[in-house]
Structures are given as structure tokens and as C-alpha cells.
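Before any comments, here is the structure.
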Amino acid sequence: MVKFIMNKILKQGIINKINSFKMQLIINKNLYSSTIITKEIYETVENKLLEKIHVLYNNLEISI
């Protein structure tokens with residue numbers, strides 16, 4: 001039972017991180033659209049965030 005609860009907490013933590021990174025993607029897209037940041041900065045940040053999201057999705061699949 002304790003292991004089940006720990007897995008559920010771990011999964012929720014991963015999901016929360018994924019959602020946070022997705023929100024950052026949206027914010028960065030808006031900053032780029034408003035010409036507050038350059039295309040190069042936007043693409044660099046976007047690629048890093050997408051990579052982090054991909055890793056977290058893989059971790060989520062492993063923990064299921």
C-alpha cells in the first residue's frame with residue numbers, strides 16, 4: 001500500500017513538472033510573438049523545454 005501511494009505521488013510530481021514546462025512554452029511563445037525575445041532565444045528555450053518534457057514523459061511511462 002505504501003509503495004502504491006509513493007508511486008502515485010511520484011507520478012503526480014512528474015505530471016506537475018510537465019505541466020509547468022508546457023506553461024513555460026506558452027509564455028515563451030507569447031514573449032516571442034510580442035518581439036520581447038529573439039527567435040534564437042525562443043528556439044533555444046523551446047528545444048530545451050521540449051527535451052525536458054520528453055524525458056519526463058519517458059520517466060512517467062517507466063513508473064507506470
Side-chain angles (χ1 to χ4, degrees):
M1 182 67 172
V2 172
K3 187 175 182 179
F4 172 76
I5 293 171
M6 294 302 291
N7 282 339
K8 188 171 182 170
I9 292 170
L10 177 65
K11 289 177 197 175
Q12 190 59 50
I14 293 171
I15 291 168
N16 289 344
K17 285 182 183 179
I18 291 170
N19 289 334
S20 174
F21 290 147
K22 286 181 177 181
M23 183 61 70
Q24 288 179 21
L25 284 170
I26 293 168
I27 291 168
N28 288 338
K29 179 68 173 180
N30 288 334
L31 290 174
Y32 172 65
S33 297
S34 301
T35 63
I36 295 172
I37 60 174
T38 65
K39 181 179 180 179
E40 292 79 21
I41 292 173
Y42 168 73
E43 289 175 346
T44 300
V45 172
E46 179 184 42
N47 288 334
K48 288 180 182 180
L49 288 170
L50 290 173
E51 183 179 324
K52 288 179 181 181
I53 290 170
H54 180 72
V55 168
L56 288 171
Y57 270 122
N58 286 340
N59 290 341
L60 189 59
E61 288 178 10
I62 289 170
S63 69
I64 293 177

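Val55 and Leu49 are members of different hydrophobic clusters when ILVMFWY side chains are connected at heavy-atom separations under 4.5 Å.
Interatomic distance, CG of Asn59 versus NE2 of His54, reported as 10.0 Å (0.5 Å rounding).
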Contacts under 3.5 angstrom, residues 36-45 side chains, donor-acceptor by atom type, not counting sequence neighbours:
residue	atom	partner	partner atom	Å
Thr38	OG1	Ile41	N	3.2
Tyr42	OH	Glu46	OE2	3.2
Thr44	OG1	Glu40	O	2.8

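Here the side chains of Leu25 and Leu50 are in contact, with some heavy-atom distance below 4.5 Å. Counting heavy atoms from C-beta outward, Met23 and Asn19 have side chains that stay 4.5 Å or more apart. Between Leu56 and Leu60, the closest side-chain pair of non-hydrogen atoms is not below 4.5 Å.
Looking only at atom types and distance, the side chain of Glu51 has no donor-acceptor partner in the side chain of Asn47 under 3.5 Å away.
The backbone N or O of Lys29 lies less than 3.5 Å from a partner atom in the side chain of Ser33, making a donor-acceptor pair.
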